[in-house]
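Working notes, structure below.
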Amino acid sequence: MDQHFDVAIIGGGPAGTAAALTLCKRNDISVTVLERGAYEQPKVGESLSPGVRGLLQYLDLWDRFEQEQRLSLLGSEAAWGSDTLGTMDFILTLHGAGWALDRQRFEQMMADEVLHRGVALQTDVTVTACRHQDGLWHLDLGGRHITARYVIDAAGRTSRFSLRDGAHRQRNDTLTAISTRLPRAQGTQQMTRVEAFEDGWWYAAPLPSDQTIVCLFSDAERIHALRLTDPTVWASHLSQTRHIRQLIGDIDNCLSLETLPAFSSLLSRSDPNLPMVAAGDAIAARDPLSSSGIPNAIGGGIQAARVAADWLFGTGTLKPAYLDGVAQDHAAYLKTHWSTYRTESRWSNAPFWRFRSAQVCRGPSATIRSKSNGHRSIFVPSHVARWIADTAKHPMSQIEVVQQARSTFPDIPDERLLLAIEDLTHIADTVPTA
Ligand SMILES: Cc1cc2nc3c(=O)[nH]c(=O)nc-3n(C[C@H](O)[C@H](O)[C@H](O)COP(=O)(O)OP(=O)(O)OC[C@H]3O[C@@H](n4cnc5c(N)ncnc54)[C@H](O)[C@@H]3O)c2cc1C
(Lines give C-alpha, C1' and ligand atoms only; values in the text may rest on other atoms or scores of the structure.)
Protein backbone atom coordinates (compact mmCIF):
# COMPACT_ATOMS: atom_id res chain seq x y z
CA MET A 1 0.00 0.00 0.00
CA ASP A 2 1.21 3.56 -0.72
CA GLN A 3 2.31 5.53 2.30
CA HIS A 4 0.46 8.81 2.68
CA PHE A 5 1.61 11.99 4.53
CA ASP A 6 0.37 15.52 4.99
CA VAL A 7 3.80 16.87 4.04
CA ALA A 8 6.64 15.23 2.11
CA ILE A 9 9.99 17.03 2.33
CA ILE A 10 12.43 16.24 -0.49
CA GLY A 11 16.00 16.59 0.84
CA GLY A 12 17.28 16.18 4.38
CA GLY A 13 19.94 18.92 4.41
CA PRO A 14 19.73 21.95 6.72
CA ALA A 15 16.59 23.35 5.00
CA GLY A 16 14.68 20.05 4.91
CA THR A 17 15.46 19.03 8.49
CA ALA A 18 14.69 22.55 9.81
CA ALA A 19 11.32 22.38 8.01
CA ALA A 20 10.60 18.96 9.57
CA LEU A 21 11.59 20.13 13.08
CA THR A 22 9.27 23.12 12.70
CA LEU A 23 6.32 21.08 11.46
CA CYS A 24 6.66 18.52 14.24
CA LYS A 25 6.13 21.27 16.82
CA ARG A 26 2.48 20.59 15.93
CA ASN A 27 1.21 17.12 16.77
CA ASP A 28 -1.61 16.99 14.21
CA ILE A 29 0.50 16.60 11.10
CA SER A 30 2.22 13.63 9.44
CA VAL A 31 5.56 14.44 7.85
CA THR A 32 8.23 12.50 5.99
CA VAL A 33 11.74 13.58 4.98
CA LEU A 34 13.17 11.81 1.94
CA GLU A 35 16.96 11.94 1.81
CA ARG A 36 19.15 10.52 -0.95
CA GLY A 37 22.16 9.93 1.33
CA ALA A 38 22.59 8.44 4.78
CA TYR A 39 24.67 11.21 6.44
CA GLU A 40 27.78 9.07 6.06
CA GLN A 41 29.74 11.15 3.55
CA PRO A 42 31.73 14.28 4.38
CA LYS A 43 30.03 17.40 3.01
CA VAL A 44 31.58 20.76 2.10
CA GLY A 45 30.42 23.92 3.91
CA GLU A 46 31.94 23.97 7.34
CA SER A 47 32.06 27.46 8.70
CA LEU A 48 29.02 28.58 10.56
CA SER A 49 28.48 32.24 11.25
CA PRO A 50 27.61 33.33 14.80
CA GLY A 51 24.09 34.50 13.87
CA VAL A 52 22.78 30.90 13.66
CA ARG A 53 22.26 30.66 17.42
CA GLY A 54 18.70 32.09 17.46
CA LEU A 55 17.58 29.67 14.74
CA LEU A 56 18.98 26.64 16.58
CA GLN A 57 17.35 27.82 19.79
CA TYR A 58 14.00 28.05 18.01
CA LEU A 59 14.45 24.44 16.86
CA ASP A 60 15.44 23.37 20.43
CA LEU A 61 18.82 22.23 19.13
CA TRP A 62 21.12 24.75 20.74
CA ASP A 63 22.19 22.73 23.79
CA ARG A 64 23.02 19.64 21.76
CA PHE A 65 24.80 21.75 19.15
CA GLU A 66 26.98 23.41 21.79
CA GLN A 67 27.95 20.04 23.27
CA GLU A 68 28.81 18.49 19.92
CA GLN A 69 30.55 21.27 18.00
CA ARG A 70 33.59 22.33 19.92
CA LEU A 71 35.85 24.22 17.53
CA SER A 72 34.99 27.90 17.56
CA LEU A 73 36.02 30.20 14.75
CA LEU A 74 37.43 33.49 15.88
CA GLY A 75 36.97 35.37 12.64
CA SER A 76 38.03 35.65 9.05
CA GLU A 77 41.05 36.96 7.19
CA ALA A 78 41.08 38.13 3.59
CA ALA A 79 43.61 39.32 1.02
CA TRP A 80 40.94 40.96 -1.09
CA GLY A 81 41.55 44.23 -2.92
CA SER A 82 45.23 44.08 -1.95
CA ASP A 83 47.97 41.58 -1.18
CA THR A 84 47.78 42.32 2.53
CA LEU A 85 45.68 40.16 4.86
CA GLY A 86 42.90 42.05 6.59
CA THR A 87 41.18 40.55 9.68
CA MET A 88 37.58 40.59 10.86
CA ASP A 89 37.22 39.27 14.43
CA PHE A 90 33.83 37.73 15.23
CA ILE A 91 34.33 39.11 18.70
CA LEU A 92 33.41 42.50 17.22
CA THR A 93 30.06 41.22 15.98
CA LEU A 94 26.84 41.12 17.95
CA HIS A 95 26.81 37.32 18.28
CA GLY A 96 30.47 36.53 19.16
CA ALA A 97 32.42 33.54 17.78
CA GLY A 98 31.26 31.28 14.93
CA TRP A 99 32.09 27.56 14.44
CA ALA A 100 34.36 25.40 12.35
CA LEU A 101 31.70 22.76 11.82
CA ASP A 102 32.03 19.06 11.67
CA ARG A 103 29.44 19.31 8.88
CA GLN A 104 28.70 15.61 8.67
CA ARG A 105 28.09 15.45 12.41
CA PHE A 106 25.98 18.61 12.25
CA GLU A 107 23.68 17.09 9.62
CA GLN A 108 23.55 13.82 11.54
CA MET A 109 22.48 15.75 14.63
CA MET A 110 19.65 17.47 12.72
CA ALA A 111 18.57 14.10 11.24
CA ASP A 112 18.70 12.32 14.65
CA GLU A 113 16.48 14.99 16.15
CA VAL A 114 14.02 14.68 13.26
CA LEU A 115 13.74 10.93 13.89
CA HIS A 116 13.68 11.33 17.66
CA ARG A 117 10.76 13.78 17.42
CA GLY A 118 8.67 11.30 15.46
CA VAL A 119 9.13 12.32 11.84
CA ALA A 120 9.43 9.52 9.26
CA LEU A 121 12.95 10.23 8.01
CA GLN A 122 13.75 7.93 5.09
CA THR A 123 17.42 7.77 4.09
CA ASP A 124 19.06 6.24 1.02
CA VAL A 125 15.91 7.22 -0.85
CA THR A 126 16.07 9.20 -4.08
CA VAL A 127 12.93 10.93 -5.28
CA THR A 128 12.94 10.34 -9.02
CA ALA A 129 9.68 12.06 -9.95
CA CYS A 130 7.00 14.15 -8.32
CA ARG A 131 3.65 14.87 -10.00
CA HIS A 132 0.45 16.53 -8.87
CA GLN A 133 -2.71 14.64 -9.77
CA ASP A 134 -6.28 14.74 -8.42
CA GLY A 135 -5.28 17.05 -5.55
CA LEU A 136 -2.44 14.84 -4.32
CA TRP A 137 1.31 14.66 -4.88
CA HIS A 138 2.65 11.32 -6.10
CA LEU A 139 6.36 10.85 -5.43
CA ASP A 140 8.31 8.06 -7.11
CA LEU A 141 11.06 6.68 -4.93
CA GLY A 142 12.66 4.29 -7.42
CA GLY A 143 10.41 1.25 -7.25
CA ARG A 144 7.84 2.40 -4.71
CA HIS A 145 5.77 5.49 -4.33
CA ILE A 146 4.19 7.69 -1.68
CA THR A 147 1.51 10.37 -1.71
CA ALA A 148 1.35 13.70 0.11
CA ARG A 149 -0.93 16.71 0.31
CA TYR A 150 1.92 19.23 0.35
CA VAL A 151 5.56 19.05 -0.82
CA ILE A 152 8.54 21.06 0.41
CA ASP A 153 11.37 21.06 -2.11
CA ALA A 154 14.59 21.23 -0.07
CA ALA A 155 16.74 19.28 -2.55
CA GLY A 156 19.44 21.93 -2.88
CA ARG A 157 20.96 24.23 -5.50
CA THR A 158 20.35 21.99 -8.51
CA SER A 159 16.89 20.70 -7.56
CA ARG A 160 14.49 20.37 -10.48
CA PHE A 161 11.33 19.61 -8.48
CA SER A 162 10.17 23.24 -8.36
CA LEU A 163 10.89 23.89 -12.04
CA ARG A 164 7.31 23.38 -13.17
CA ASP A 165 4.34 25.41 -14.38
CA GLY A 166 6.56 28.23 -15.67
CA ALA A 167 8.92 28.48 -12.67
CA HIS A 168 12.60 29.06 -13.53
CA ARG A 169 15.86 29.11 -11.67
CA GLN A 170 17.71 32.30 -12.62
CA ARG A 171 21.44 31.79 -12.19
CA ASN A 172 23.39 34.94 -11.44
CA ASP A 173 26.78 33.40 -12.30
CA THR A 174 28.49 30.06 -12.89
CA LEU A 175 30.66 29.99 -9.77
CA THR A 176 32.08 26.51 -9.16
CA ALA A 177 34.19 25.19 -6.30
CA ILE A 178 37.02 22.70 -6.51
CA SER A 179 37.83 21.53 -3.05
CA THR A 180 39.84 19.08 -1.02
CA ARG A 181 40.97 18.44 2.56
CA LEU A 182 44.65 18.91 3.30
CA PRO A 183 46.82 18.58 6.41
CA ARG A 184 46.80 21.73 8.51
CA ALA A 185 50.13 23.53 9.12
CA GLN A 186 51.27 23.69 12.75
CA GLY A 187 50.26 26.73 14.78
CA THR A 188 47.54 28.05 12.43
CA GLN A 189 44.78 30.14 13.94
CA GLN A 190 41.08 29.33 14.13
CA MET A 191 40.23 31.69 11.31
CA THR A 192 38.89 31.25 7.81
CA ARG A 193 41.07 32.77 5.10
CA VAL A 194 40.24 34.09 1.63
CA GLU A 195 42.71 35.14 -1.06
CA ALA A 196 41.70 36.63 -4.41
CA PHE A 197 43.61 35.86 -7.61
CA GLU A 198 43.22 36.70 -11.28
CA ASP A 199 40.71 33.93 -12.03
CA GLY A 200 38.74 33.79 -8.81
CA TRP A 201 39.52 33.25 -5.15
CA TRP A 202 40.78 30.69 -2.68
CA TYR A 203 39.21 29.77 0.62
CA ALA A 204 40.66 27.79 3.52
CA ALA A 205 39.08 26.91 6.85
CA PRO A 206 40.25 24.79 9.78
CA LEU A 207 38.31 21.57 10.34
CA PRO A 208 37.72 19.99 13.74
CA SER A 209 40.14 17.24 12.65
CA ASP A 210 43.71 18.44 12.10
CA GLN A 211 42.86 19.18 8.50
CA THR A 212 42.07 22.28 6.50
CA ILE A 213 39.45 22.48 3.80
CA VAL A 214 40.84 24.28 0.77
CA CYS A 215 38.61 25.45 -2.10
CA LEU A 216 39.35 27.22 -5.32
CA PHE A 217 36.39 29.19 -6.71
CA SER A 218 36.13 30.29 -10.32
CA ASP A 219 33.60 30.40 -13.14
CA ALA A 220 32.81 27.16 -14.97
CA GLU A 221 34.30 28.42 -18.22
CA ARG A 222 37.60 29.53 -16.62
CA ILE A 223 37.84 26.21 -14.79
CA HIS A 224 37.48 24.41 -18.07
CA ALA A 225 39.88 26.72 -19.97
CA LEU A 226 42.58 26.52 -17.29
CA ARG A 227 42.03 22.79 -16.56
CA LEU A 228 41.64 23.56 -12.86
CA THR A 229 40.04 20.21 -12.08
CA ASP A 230 43.37 18.55 -12.89
CA PRO A 231 45.02 17.92 -9.49
CA THR A 232 48.48 18.92 -10.80
CA VAL A 233 47.20 22.22 -12.23
CA TRP A 234 45.16 22.89 -9.08
CA ALA A 235 48.17 22.24 -6.84
CA SER A 236 50.38 24.45 -9.00
CA HIS A 237 47.88 27.34 -8.60
CA LEU A 238 47.78 26.66 -4.86
CA SER A 239 51.57 26.89 -4.64
CA GLN A 240 51.35 30.37 -6.22
CA THR A 241 49.10 31.71 -3.46
CA ARG A 242 50.75 33.90 -0.88
CA HIS A 243 48.55 33.37 2.18
CA ILE A 244 46.57 30.15 1.64
CA ARG A 245 49.58 27.89 1.17
CA GLN A 246 50.91 28.98 4.60
CA LEU A 247 47.97 27.19 6.23
CA ILE A 248 48.77 23.83 4.71
CA GLY A 249 51.19 21.17 5.88
CA ASP A 250 52.89 18.63 3.64
CA ILE A 251 50.75 17.49 0.74
CA ASP A 252 51.13 13.94 -0.49
CA ASN A 253 51.03 13.32 -4.21
CA CYS A 254 47.50 12.15 -4.77
CA LEU A 255 45.00 14.94 -4.35
CA SER A 256 41.38 13.96 -4.56
CA LEU A 257 39.40 16.99 -5.75
CA GLU A 258 35.65 17.48 -5.57
CA THR A 259 33.85 19.83 -8.01
CA LEU A 260 30.69 21.49 -6.71
CA PRO A 261 28.27 24.08 -8.09
CA ALA A 262 28.42 27.29 -6.04
CA PHE A 263 26.41 29.73 -8.20
CA SER A 264 23.97 32.26 -6.80
CA SER A 265 20.41 31.76 -8.00
CA LEU A 266 16.78 32.58 -7.41
CA LEU A 267 13.72 30.50 -8.25
CA SER A 268 11.33 32.86 -10.00
CA ARG A 269 7.73 32.74 -11.23
CA SER A 270 6.65 30.01 -8.80
CA ASP A 271 2.92 29.40 -8.82
CA PRO A 272 1.63 30.92 -5.54
CA ASN A 273 -1.34 28.52 -5.51
CA LEU A 274 0.52 25.24 -6.01
CA PRO A 275 0.72 23.17 -2.79
CA MET A 276 4.50 23.04 -3.03
CA VAL A 277 7.13 25.40 -1.68
CA ALA A 278 10.92 25.46 -2.10
CA ALA A 279 13.35 26.22 0.71
CA GLY A 280 17.07 26.75 1.24
CA ASP A 281 19.34 26.58 -1.82
CA ALA A 282 16.45 25.18 -3.88
CA ILE A 283 14.76 28.61 -3.78
CA ALA A 284 17.67 31.04 -3.32
CA ALA A 285 21.31 30.00 -3.32
CA ARG A 286 24.17 32.22 -2.20
CA ASP A 287 27.86 32.49 -2.96
CA PRO A 288 29.86 30.68 -0.24
CA LEU A 289 31.83 33.94 0.15
CA SER A 290 28.81 35.22 2.08
CA SER A 291 29.12 32.40 4.68
CA SER A 292 25.37 32.59 5.01
CA GLY A 293 24.20 29.43 3.18
CA ILE A 294 23.50 27.23 6.22
CA PRO A 295 21.75 29.87 8.40
CA ASN A 296 19.79 30.95 5.34
CA ALA A 297 18.73 27.36 4.63
CA ILE A 298 17.68 26.76 8.26
CA GLY A 299 15.73 30.04 8.38
CA GLY A 300 14.14 29.25 5.00
CA GLY A 301 13.19 25.73 6.13
CA ILE A 302 11.42 27.15 9.18
CA GLN A 303 9.48 29.61 7.02
CA ALA A 304 8.60 27.03 4.35
CA ALA A 305 7.17 24.78 7.10
CA ARG A 306 4.92 27.64 8.22
CA VAL A 307 3.77 28.14 4.62
CA ALA A 308 2.90 24.42 4.38
CA ALA A 309 1.03 24.43 7.72
CA ASP A 310 -0.85 27.56 6.67
CA TRP A 311 -1.97 25.85 3.45
CA LEU A 312 -3.06 22.70 5.31
CA PHE A 313 -4.74 24.25 8.33
CA GLY A 314 -4.98 28.01 7.84
CA THR A 315 -5.98 30.50 5.17
CA GLY A 316 -3.37 29.46 2.58
CA THR A 317 -2.28 33.06 2.11
CA LEU A 318 1.28 32.89 3.44
CA LYS A 319 2.97 31.58 0.30
CA PRO A 320 2.84 34.80 -1.81
CA ALA A 321 4.29 36.75 1.15
CA TYR A 322 7.04 34.12 1.57
CA LEU A 323 7.92 34.27 -2.16
CA ASP A 324 8.05 38.10 -2.04
CA GLY A 325 10.24 37.99 1.06
CA VAL A 326 12.69 35.54 -0.55
CA ALA A 327 12.89 37.67 -3.73
CA GLN A 328 13.51 40.84 -1.70
CA ASP A 329 16.17 39.15 0.43
CA HIS A 330 17.87 37.85 -2.69
CA ALA A 331 17.88 41.31 -4.29
CA ALA A 332 19.42 42.78 -1.12
CA TYR A 333 21.95 39.93 -0.97
CA LEU A 334 22.94 40.51 -4.62
CA LYS A 335 23.51 44.20 -4.02
CA THR A 336 25.98 43.47 -1.21
CA HIS A 337 27.41 40.56 -3.15
CA TRP A 338 28.27 42.52 -6.31
CA SER A 339 29.58 45.47 -4.30
CA THR A 340 31.88 43.10 -2.34
CA TYR A 341 33.30 41.80 -5.62
CA ARG A 342 33.73 45.37 -6.91
CA THR A 343 36.09 46.15 -4.02
CA GLU A 344 38.66 43.92 -5.75
CA SER A 345 40.01 45.96 -8.67
CA ARG A 346 43.46 44.46 -9.31
CA TRP A 347 42.33 42.37 -12.29
CA SER A 348 39.39 44.40 -13.59
CA ASN A 349 39.89 43.17 -17.18
CA ALA A 350 40.11 39.48 -16.28
CA PRO A 351 36.79 37.75 -17.21
CA PHE A 352 36.08 36.53 -13.67
CA TRP A 353 36.29 40.03 -12.16
CA ARG A 354 34.84 41.93 -15.14
CA PHE A 355 31.76 39.69 -14.96
CA ARG A 356 31.26 40.75 -11.34
CA SER A 357 32.22 44.42 -11.53
CA ALA A 358 30.50 45.59 -14.75
CA GLN A 359 27.52 47.87 -14.26
CA VAL A 360 24.65 48.75 -16.57
CA CYS A 361 25.29 52.26 -17.97
CA ARG A 362 22.80 52.77 -20.81
CA GLY A 363 19.26 54.09 -20.49
CA PRO A 364 16.41 51.88 -21.82
CA SER A 365 15.22 54.21 -24.60
CA ALA A 366 18.34 54.10 -26.82
CA THR A 367 18.16 52.80 -30.39
CA ILE A 368 20.77 50.08 -30.72
CA ARG A 369 22.36 47.89 -33.35
CA SER A 370 24.67 44.84 -33.11
CA LYS A 371 28.40 45.46 -33.35
CA SER A 372 29.73 43.98 -36.55
CA ASN A 373 32.36 41.83 -34.79
CA GLY A 374 30.59 40.50 -31.69
CA HIS A 375 28.70 37.26 -31.10
CA ARG A 376 30.13 36.42 -27.68
CA SER A 377 29.76 38.02 -24.27
CA ILE A 378 31.01 36.88 -20.87
CA PHE A 379 27.64 37.83 -19.36
CA VAL A 380 25.46 35.19 -21.06
CA PRO A 381 25.84 31.74 -22.61
CA SER A 382 26.86 31.71 -26.28
CA HIS A 383 23.40 30.81 -27.67
CA VAL A 384 21.90 33.83 -25.88
CA ALA A 385 24.69 36.12 -27.15
CA ARG A 386 24.08 34.88 -30.69
CA TRP A 387 20.34 35.52 -30.30
CA ILE A 388 21.00 39.13 -29.13
CA ALA A 389 23.43 39.80 -31.98
CA ASP A 390 20.97 38.40 -34.55
CA THR A 391 17.93 40.17 -33.09
CA ALA A 392 19.59 43.61 -33.09
CA LYS A 393 21.11 43.22 -36.57
CA HIS A 394 18.92 46.14 -37.66
CA PRO A 395 18.41 49.25 -35.50
CA MET A 396 15.90 48.56 -32.71
CA SER A 397 14.90 50.18 -29.47
CA GLN A 398 16.87 48.71 -26.58
CA ILE A 399 13.73 48.20 -24.50
CA GLU A 400 12.27 46.02 -27.23
CA VAL A 401 15.37 43.79 -27.34
CA VAL A 402 15.28 43.54 -23.53
CA GLN A 403 11.59 42.55 -23.50
CA GLN A 404 12.02 39.91 -26.19
CA ALA A 405 15.16 38.55 -24.51
CA ARG A 406 13.37 38.31 -21.13
CA SER A 407 10.54 36.25 -22.53
CA THR A 408 12.83 34.06 -24.66
CA PHE A 409 15.34 33.38 -21.86
CA PRO A 410 13.41 33.57 -18.57
CA ASP A 411 16.22 31.79 -16.71
CA ILE A 412 18.75 34.58 -17.35
CA PRO A 413 18.54 37.41 -14.78
CA ASP A 414 17.73 40.87 -16.14
CA GLU A 415 21.06 42.43 -15.18
CA ARG A 416 22.97 39.75 -17.14
CA LEU A 417 20.80 40.39 -20.23
CA LEU A 418 21.31 44.16 -19.98
CA LEU A 419 25.08 43.81 -19.62
CA ALA A 420 25.24 41.42 -22.58
CA ILE A 421 23.14 43.78 -24.73
CA GLU A 422 25.56 46.62 -23.87
CA ASP A 423 28.46 44.37 -24.73
CA LEU A 424 27.11 43.20 -28.08
CA THR A 425 25.50 46.37 -29.46
CA HIS A 426 26.24 50.06 -29.91
CA ILE A 427 23.98 53.08 -30.14
CA ALA A 428 22.66 53.26 -33.72
CA ASP A 429 22.59 56.54 -35.56
CA THR A 430 19.46 55.56 -37.53
CA VAL A 431 15.90 55.09 -36.35
CA PRO A 432 14.47 51.60 -35.76
CA THR A 433 13.06 49.88 -38.84
CA ALA A 434 9.33 49.17 -38.67
C1 LIG B 1 31.90 24.82 -1.88
C2 LIG B 1 30.86 25.32 -0.93
C3 LIG B 1 31.22 25.79 0.31
C4 LIG B 1 30.25 26.24 1.21
N5 LIG B 1 30.64 26.71 2.43
C6 LIG B 1 29.71 27.16 3.30
C7 LIG B 1 30.10 27.61 4.59
O8 LIG B 1 31.26 27.53 4.96
N9 LIG B 1 29.13 28.07 5.43
C10 LIG B 1 27.79 28.14 5.05
O11 LIG B 1 26.95 28.60 5.84
N12 LIG B 1 27.41 27.71 3.82
C13 LIG B 1 28.33 27.21 2.95
N14 LIG B 1 27.93 26.75 1.73
C15 LIG B 1 26.50 26.76 1.39
C16 LIG B 1 25.73 25.67 2.13
O17 LIG B 1 26.40 24.42 2.06
C18 LIG B 1 24.34 25.55 1.53
O19 LIG B 1 23.77 26.83 1.44
C20 LIG B 1 23.43 24.66 2.38
O21 LIG B 1 23.93 23.35 2.42
C22 LIG B 1 22.02 24.65 1.81
O23 LIG B 1 21.22 23.73 2.51
P24 LIG B 1 19.97 23.02 1.78
O25 LIG B 1 19.37 22.14 2.80
O26 LIG B 1 19.15 24.03 1.11
O27 LIG B 1 20.62 22.14 0.62
P28 LIG B 1 21.66 20.95 0.70
O29 LIG B 1 22.57 21.09 1.86
O30 LIG B 1 22.26 20.86 -0.66
O31 LIG B 1 20.75 19.68 0.99
C32 LIG B 1 19.95 19.13 -0.03
C33 LIG B 1 19.71 17.67 0.32
O34 LIG B 1 18.80 17.12 -0.63
C35 LIG B 1 19.20 15.80 -0.94
N36 LIG B 1 18.65 15.49 -2.26
C37 LIG B 1 18.92 16.09 -3.45
N38 LIG B 1 18.20 15.54 -4.44
C39 LIG B 1 17.43 14.57 -3.86
C40 LIG B 1 16.48 13.65 -4.37
N41 LIG B 1 16.16 13.61 -5.67
N42 LIG B 1 15.89 12.78 -3.51
C43 LIG B 1 16.21 12.79 -2.18
N44 LIG B 1 17.10 13.66 -1.64
C45 LIG B 1 17.70 14.53 -2.48
C46 LIG B 1 20.72 15.86 -0.94
O47 LIG B 1 21.30 14.58 -0.72
C48 LIG B 1 20.98 16.83 0.22
O49 LIG B 1 21.18 16.16 1.44
C50 LIG B 1 28.88 26.26 0.83
C51 LIG B 1 28.50 25.79 -0.43
C52 LIG B 1 29.49 25.32 -1.32
C53 LIG B 1 29.05 24.82 -2.67
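All residue numbers in this chain count up from 1 along the given sequence. For ligands, and for the atoms within them, numbers begin at 1 and follow the listed sequence.
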Extract all N/O-N/O pairs under 3.5 Å that connect ligand 1 to the protein, and present each with both atom names and the distance rounded to 0.1 Å.
from, atom 1, to, atom 2, distance (Å)
ligand 1, 8 (O), Glu46, N, 3.4
ligand 1, 8 (O), Ser47, N, 3.1
ligand 1, 8 (O), Ser47, O, 3.4
ligand 1, 8 (O), Ser47, OG, 3.0
ligand 1, 9 (N), Ser47, O, 2.7
ligand 1, 11 (O), Gly293, N, 3.4
ligand 1, 11 (O), Ile294, N, 2.9
ligand 1, 17 (O), Arg103, NH1, 3.1
ligand 1, 19 (O), Asp281, OD1, 2.9
ligand 1, 19 (O), Asp281, OD2, 3.2
ligand 1, 19 (O), Gly293, O, 3.4
ligand 1, 21 (O), Arg103, NH2, 2.7
ligand 1, 25 (O), Pro14, N, 3.2
ligand 1, 25 (O), Ala15, N, 2.9
ligand 1, 26 (O), Asp281, N, 2.9
ligand 1, 29 (O), Lys43, NZ, 2.8
ligand 1, 41 (N), Val127, O, 3.1
ligand 1, 42 (N), Val127, N, 3.0
ligand 1, 44 (N), Arg36, N, 3.1
ligand 1, 47 (O), Glu35, OE2, 2.7
ligand 1, 49 (O), Glu35, OE1, 2.7
ligand 1, 49 (O), Glu35, OE2, 3.1

Distance under 6.0 Å and angle within 45° of the ring axis: does Arg356 meet both against Phe352?
-> yes

cation_pi(Arg26, Phe313) dist<6.0 Å, angle<=45 = yes

Sub-6.0 Å ring centroid separation between Tyr150 and Trp137 = no

Only distances under 3.5 Å count here; give the side-chain donor-acceptor pairs of residues 269-281 to other protein atoms, sequence neighbours excluded, each with its distance to 0.1 Å.
from, atom 1, to, atom 2, distance (Å)
Asp271, OD1, Asn273, N, 2.8
Asp281, OD2, Arg157, NH2, 3.4

Between the side chain of Thr147 and the main-chain N/O of Leu136, is any donor-acceptor distance below 3.5 Å?
-> no

Distance under 6.0 Å and angle within 45° of the ring axis: does Arg242 meet both against Trp202?
-> no

